[in-house]
S.K.: 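Got a structure for you, questions after.
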Amino acid sequence: MYYGVKNYGAQPVYRGIVRVSISDLCQQFLYSSSEPSEELDPFYYADVSADIFVSTSTADAADDRKDLVYFDLAHPEQGLHALILSDGVSYGFGNQIWGNHIVWTDTRPPAYNIIGYDLAAEQFFDVINDEPHQFGAKIWDGRVVYTDLRNGDGNYQTNCEHADIYLYEIATETTTRITDGDWIQWYPDIWEDTIVWADYRDSTEPNNMNDFSGVEIYSYDLVSEEETKVTDLPGRGKMFPRVFGNRIFFEMKDSENQIQIYMVELD
Ligand SMILES: [Ca+2]
Ligand SMILES: [Ca+2]
């Protein structure tokens, strides 16, 4: 069972929040794909939707906790709210918010799962809760996509072989498998009916997560059920695609082997 929202009170937390600028949010976004840095204390894995800012935070430093917190920019007097699970933990990574729904990767042993919280219903919910590991959830209007290792050995600590993309629709509580290739397909994002991900099918070792030789960005349309190869630049591995409208953004190394952000516009 889950319970409750903890309120930290307004003053100390409010000062923390107001110093979060757009550049800070960009920094948080960039760090969201790697391990958290204590130097980013007290907020990391940040996301924002309308007036709600969500982040993992160490603001409650008194007992050295990391909590998933949210802050309503329209009601700063309420301070920071922490979402505390029944075992007193809410730490995870990859926090995402759309409307009333917050989703994140729950790293409590024995396996990674995707958990959500409904701000309107004031309830936690499971996107997926089972033995194999899942991570990297993204959300658009009640639709959650994530990477699932159930078709490999299920373990995030090994090589993520056979990773696939799954879709969970909150309203209907239905789960749909989006990819079924016998190779790594992971780090999805979703916008309306379009799902994008990084796909290893053209890599020399397509089930080696470190073989970026043929990693390209693919998309899938939930209405037409058609898959599209979005990029075709062999030897320049791509990662962490995001979709916004008909624009797809992703990381790719430039000719000097430095990671840059690129964009493709779909027709
Ligand atoms: Ca799991
Ligand atoms: Ca796959």
Side-chain angles (χ1 to χ4, degrees), residues 2 29 31-36 44-45 47 54-56 66 68 83 85-87 89-98 101-118 123-191 194-200 206-210 215 217-220 222 239-243:
Y2 305 117
F29 174 76
Y31 273 89
S32 71
S33 60
S34 59
E35 290 302 307
Y44 47 88
Y45 297 136
D47 196 18
V54 60
S55 174
T56 296
K66 291 187 180 73
L68 174 58
L83 303 177
L85 299 168
S86 57
D87 59 3
V89 175
S90 69
Y91 170 67
F93 66 83
N95 311 311
Q96 296 286 302
I97 180 170
W98 184 284
H101 297 125
I102 302 169
V103 295
W104 68 97
T105 302
D106 176 20
T107 57
R108 289 174 300 166
Y112 287 13
N113 291 303
I114 309 296
I115 288 186
Y117 183 79
D118 187 324
Q123 286 184 334
F124 291 91
F125 61 91
D126 286 328
V127 172
I128 182 84
N129 184 356
D130 62 3
E131 190 173 327
H133 289 203
Q134 294 86 15
F135 55 93
K138 294 287 186 291
I139 181 169
W140 182 88
D141 195 21
R143 289 173 164 174
V144 184
V145 289
Y146 56 90
T147 304
D148 196 316
L149 302 183
R150 73 175 77 181
N151 301 312
D153 68 5
N155 192 339
Y156 182 67
Q157 317 300 335
T158 55
N159 199 22
C160 298
E161 296 100 331
H162 314 294
D164 280 313
I165 311 301
Y166 283 73
L167 165 70
Y168 179 78
E169 300 192 69
I170 295 171
T172 56
E173 300 183 359
T174 53
T175 301
T176 305
R177 185 176 181 176
I178 299 299
T179 66
D180 62 0
D182 184 30
W183 53 83
I184 294 173
Q185 295 156 303
W186 64 356
Y187 289 107
D189 191 20
I190 182 167
W191 186 272
T194 302
I195 297 173
V196 299
W197 67 89
D199 193 302
Y200 282 63
N207 274 305
N208 178 351
M209 61 187 280
N210 297 313
V215 177
I217 307 300
Y218 279 72
S219 70
Y220 180 80
L222 289 167
M239 200 54 68
F240 310 125
R242 302 299 306 269
V243 55

S.K.: So, T179 side chain and I165 main chain: donor-acceptor pair closer than 3.5 Å or not?
M.R.: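 Judged by distance alone, yes, a pair lies under 3.5 Å.
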S.K.: Show the numbers, then the answer: is there a side chain to side chain contact (heavy atoms under 4.5 Å, CB included) between Q185 and Y218?
M.R.: CA-CA 9 Å; Q185 295 156 303; Y218 279 72; over 6 Å; no
S.K.: Walk me through whether I190 and D141 qualify under side chain to side chain contact (heavy atoms under 4.5 Å, CB included).
M.R.: CA-CA 9 Å; I190 182 167; D141 195 21; over 6 Å; no
S.K.: Minimum heavy-atom separation for T105 to G136, with atom names?
M.R.: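 In this case the closest contact between T105 and G136 is OG1-N, 3.4 Å.
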S.K.: Out of curiosity, F124 CZ to D126 CG, how far, rounded to the nearest 0.5 Å?
M.R.: 11.0 Å
S.K.: Could you grab the distance from atom CG of L167 to atom CD1 of I178, nearest 0.5 Å is fine?
M.R.: 5.0 Å
S.K.: If you look at every heavy atom in C160 and I184, which pair is closest and at what distance?
M.R.: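 Residues C160 and I184, closest heavy atoms: O-CG1, 3.3 Å.
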S.K.: About how many Å separate CG of D164 and CD of Q134, when rounded to the nearest 0.5 Å?
M.R.: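 Going from the CD atom of Q134 to the CG atom of D164 covers 11.5 Å.
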S.K.: From F240 CZ over to K138 NZ, what is the distance, rounded to the nearest 0.5 angstrom?
M.R.: 8.5 Å
S.K.: Please check this pair: side chain of N207 against backbone of D182, looking for a donor-acceptor N/O pair closer than 3.5 Å.
M.R.: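 Here the side-chain-to-backbone pair exists.
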S.K.: T147 side chain to Y187 main-chain N or O, any donor-acceptor pair under 3.5 Å?
M.R.: yes
S.K.: For residues S55 and N95, report the shortest heavy-atom separation together with the two atoms involved.
M.R.: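 Answer, listing the atom of S55 first, then N95: C-ND2, 3.5 Å.
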S.K.: Return yes if some donor-acceptor pair links the side-chain N/O of N159 with the main-chain N/O of E161 below 3.5 Å, else return no.
M.R.: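 Looks like no, no N/O pair under 3.5 Å.
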S.K.: Nearest 0.5 Å, please: how far is OH in Y166 from OG1 in T176?
M.R.: 10.0 Å
S.K.: Is there a donor-acceptor pair under 3.5 Å between the side chain of D189 and the backbone N or O of V196?
M.R.: no
S.K.: Are side-chain heavy atoms of H101 and V144 found at a separation under 4.5 Å?
M.R.: no
S.K.: What closest approach, in Å, do A198 and V215 show between heavy atoms, and which atom pair accounts for it?
M.R.: CB-CG1, 4.0 Å
S.K.: Using every non-hydrogen atom in the two residues, find where A137 and Q96 come nearest and quote the distance to one decimal.
M.R.: O-CG, 3.3 Å
S.K.: Measure the shortest side-chain to side-chain distance between I115 and L85 over non-hydrogen atoms and say whether it is less than 4.5 angstrom.
M.R.: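 Yes. Closest side-chain heavy atoms under 4.5 Å.
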S.K.: Set out, in order, the CA-CA distance, both residues' side-chain angles and the distance that settles side chain to side chain contact (heavy atoms under 4.5 Å, CB included) for V54 and L83, then state yes or no.
M.R.: CA-CA 10 Å; V54 60; L83 303 177; 5.9 Å; no
S.K.: Check the side chains of W104 and D106 for a donor-acceptor pair under 3.5 angstrom, ignoring hydrogens and angles.
M.R.: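 The criterion, which ignores hydrogens and geometry beyond distance, is not satisfied for W104 and D106.
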S.K.: Mind checking the OH-CD1 spacing from Y146 to I139? Nearest 0.5 Å is all I need.
M.R.: 13.0 Å
S.K.: Flag the pair N155 / H133 as yes when at least one side-chain heavy-atom distance between them is below 4.5 Å, and no otherwise.
M.R.: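 Yes; the side chains approach each other to less than 4.5 Å.
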S.K.: Tell me whether the count of non-hydrogen atoms from other residues, nucleotides or ligands lying under 6.0 Å of CD in E173 goes above 12.
M.R.: no
S.K.: Do D199 and W183 pair up side chain to side chain, a donor and an acceptor below 3.5 Å, judged on atom types alone?
M.R.: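 Note: D199 and W183 side chains meet the donor-acceptor criterion.
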S.K.: Would you say the side-chain atoms of Y200 pair up with the backbone N or O of N208, donor to acceptor, closer than 3.5 Å?
M.R.: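 Side chain of Y200 to backbone of N208: no pair is present.
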S.K.: Give me the atom names and distance for the closest heavy-atom approach of I114 to V103.
M.R.: CG2-CB, 4.5 Å
S.K.: Side chains of I128 and T175, heavy atoms from C-beta outward: is any pair under 4.5 Å?
M.R.: no
S.K.: Could you check whether F135 and Y112 have their ring centres less than 6.0 Å apart?
M.R.: no
S.K.: Checking side-chain polar atoms at under 3.5 Å, does N113 have a donor or acceptor matched by the opposite partner on N129?
M.R.: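 The answer is yes; a qualifying pair exists.
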S.K.: Is the shortest heavy-atom distance from the side chain of W186 to the side chain of M239 under 4.5 Å?
M.R.: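 Heavy-atom side-chain distance check passes, below 4.5 Å.
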S.K.: Taking it one step at a time, do V127 and F125 satisfy side chain to side chain contact (heavy atoms under 4.5 Å, CB included)?
M.R.: CA-CA 7 Å; V127 172; F125 61 91; 3.8 Å; yes
